[in-house]
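Everything on this sheet refers to the single structure shown next.
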Amino acid sequence: MTELSDKTALVTGSTSGIGLGIAQALAAAGANVIVNGFGEIEPALDQVRRAGHRVGYHGADLGKPHEIEAMMRYAADEFGGVDVLVNNAGIQHVASVESFPPDRWDAIIAINLTAAFHTTRLALPHMRARDWGRIINIASVHGLVASEGKAAYVAAKHGLVGLTKVTALETARSGVTCNALCPGWVETPLVQRQVEARAARDGVTEDAARHALLIEKQPSGDFVRPDQLAALALFLCSSAASQVRGVAWNIDGGWVAQ
C-alpha cells in the first residue's frame, strides 16, 4: 500500500492485542507508526520495527487530557503530525449498575470515549491541512448492542460510535474519513481476564469458560483475530474506502445478526 508510505499512524493502546496487530499491519504497509500504551513496551516496539519503518513511542495515560495533548505535540514535533489515527485503547469492569464503582465508571468513560474525542480534535487540523486522513475508532459489538454488567463499557462504546458518525459528517466534504470497527470477542488480554474471572466464578477450566463465553454470544464459536481487524483497518486506509464514512462495521462472528 504505497498510499501509506509518507504517512504517520498513531495507534493508542498498541503494546498488545488488537492495537499491536493494527500497528504492525500499518508499519508493514509503509506507514511510520507511533505506539502508545503500557506493559511490555520494548517487545511491542521490536515487533512493529520488524514490520516496517520509523517507529516512535509515547506513554501518555489516556485518562489524562494533558498527557494526550503532550502525545499529540510529540507526534507533530517528531513526525509532522498524525495522518492515520486509530483510537484503540480501552479498559473494562464488570458489575451491575447499582454496584458499579463510580471511579471505575469515570475511568472507563475517560479512556474508552473521552480520549478519542481529544485525539480526534487534535489530529483533525493536520489532516484537514493535507486534505487526507483516516480516523478509525475501535468500538465494539457493545457499541451496537448491550450485555449485562457492562454499563460503562457499553455506554462508552455507544458514545464512540456516535462520535464516529458526527466526525464523519463534519469531514464529509474533505479527504478525511472516520469509521468504527465493532469486533465481537477477540482473544486479547482484556478478554482473557474475563475468561479467568468466569472460570473462577463457575468453577470450571479456562478452556470451558472460553467456550462458554464464545458460544453464548458469538454464533461462529471462534474468536475474531487481531490480524483480521488489522486487514479491515488497512482497507479503510485505502483509496477504495474513500467513500466509506461514518460506518460502524461489526466483525463479530454473527453476534448482532441474531
- Query: Mind checking whether Ile135 and Met127 have side chains closer than 4.5 Å, heavy atoms only?
  - Reply: yes

- Task: Indicate the ring-plane relationship of Tyr74 and His58, choosing parallel, tilted or perpendicular according to the 30° and 60° boundaries.
- Result: tilted

- Item | For the student: nearest non-hydrogen atoms of Ala139 and Ala180, plus distance | CB-CB, 4.3 Å

- Message: Hydrogens and angles aside, do Ser174 and Thr171 bring a side-chain donor and acceptor to less than 3.5 Å of each other?
- Response: no

- Item | Matching residue for Asp83 among Arg130, Arg128, Arg134 - test: salt bridge (charged side-chain N to carboxylate O under 4.0 Å, His left out) | Arg130

- Message: Rounded at 0.5 Å granularity, tell me how far CG in Leu26 sits from OG1 in Thr8.
- Response: 11.0 Å

- Message: Within this structure, what is the CZ-CG distance for the pair Arg121 and Leu163, rounded to the nearest 0.5 Å?
- Response: 12.0 Å

- Stepwise side chain to side chain contact (heavy atoms under 4.5 Å, CB included) test for Val35 and Val11: CA-CA 6 Å; Val35 172; Val11 186; over 6 Å; no

- Output for pair (Arg54 CZ, Glu78 CD), nearest 0.5 Å, gives 6.0 Å

- Atom pair OG1/CD of Thr15 and Glu42 - distance to nearest 0.5 Å: 11.5 Å

- Note on the structure: Nearest heavy-atom approach of Cys182 to Ala248 is SG-CB, 3.9 Å

- Message: Tell me whether Lys7 contacts the main-chain N or O of Gly133 through its side chain, where contact means a donor paired with an acceptor under 3.5 Å.
- Response: no

- Task: Considering non-hydrogen atoms only, spot the tightest contact between Gly56 and Leu45 and give its length.
- Result: O-CD2, 4.0 Å

- Query: Is there a side-chain contact between Leu62 and His118 (heavy atoms, below 4.5 Å)?
  - Reply: no

- Looking only at heavy atoms, which two atoms of Ala25 and Ala230 are closest? And how far apart? CB-CB, 3.6 Å

- Message: With a 4.5 Å cut-off on side-chain heavy atoms, are Phe117 and Leu113 touching?
- Response: no

- If you round to the nearest 0.5 Å, how far is CZ of Phe79 from CG of Leu10? 10.0 Å

- Item | side chain to side chain contact (heavy atoms under 4.5 Å, CB included) evaluation trace for Val176 with Glu170 | CA-CA 9 Å; Val176 180; Glu170 292 183 359; over 6 Å; no

- Message: Would you say CD of Glu196 has more than 12 non-hydrogen atoms from neighbouring residues, nucleotides or ligands within 6.0 angstrom?
- Response: yes

- Message: What I'd like to find out is whether the side chain of Arg50 reaches to under 4.5 Å of the side chain of Gln24, using heavy atoms alone.
- Response: no

- Message: I'd like to know if the side chain of Gln258 and the backbone of Lys217 have a donor-acceptor N/O pair within less than 3.5 Å.
- Response: yes

- Item | Distance, nearest 0.5 Å, that separates OG of Ser140 from NZ of Lys150 | 7.5 Å

- Query: Just by modelled atom types, is the Arg210 backbone N or O under 3.5 Å from a matching donor or acceptor in the Glu206 side chain?
  - Reply: no

- At their closest point, which heavy atom of His126 faces which heavy atom of Val82, and how far apart are they? CD2-O, 3.2 Å

- Non-hydrogen atoms of Leu213 and Glu216 that approach each other most closely: O-CG, 3.6 Å

- Give a yes or no answer on whether the side chain of His93 reaches the backbone of Trp105 with a donor-acceptor pair at less than 3.5 Å. no

- Could you tell me how the ring of Tyr153 sits relative to the ring of His142: parallel (under 30°), tilted (30 to 60°) or perpendicular (over 60°)? perpendicular

- Query: Do the side chains of Phe223 and Val191 get nearer than 4.5 Å, heavy atoms only?
  - Reply: yes

- Message: Looking at Val154, is its backbone amide N or carbonyl O close enough to the side chain of His158 to form a donor-acceptor pair, meaning the two atoms are under 3.5 Å apart?
- Response: yes

- Query: Would you call Leu236 and Leu181 a side-chain contact if the rule is heavy atoms closer than 4.5 Å?
  - Reply: yes

- Query: Would you call Asp202 and Arg198 a salt bridge, taking side-chain N to carboxylate O under 4.0 Å as the test?
  - Reply: yes

- Message: I need the single residue from Thr164, Thr119, Asn88 that forms a side chain to side chain donor-acceptor pair (under 3.5 Å) with Asn137. Which is it?
- Response: Thr164

- CZ/Arg201: more than 12 non-hydrogen atoms of other groups inside 6.0 Å: yes

- Message: What verdict does the side chain to side chain contact (heavy atoms under 4.5 Å, CB included) test give for Ser147 and Val141, after you've listed the backbone C-alpha separation in whole Å, the side-chain angles of each residue and the deciding distance to 0.1 Å?
- Response: CA-CA 10 Å; Ser147 292; Val141 68; over 6 Å; no

- Message: I'd like to check Trp132 versus Asp6 (side-chain heavy atoms, cut-off strictly below 4.5 Å). Are they in contact?
- Response: no

- Task: State, with a plain yes or no, whether a side-chain heavy atom of Val48 is found less than 4.5 Å away from one of Leu20.
- Result: yes

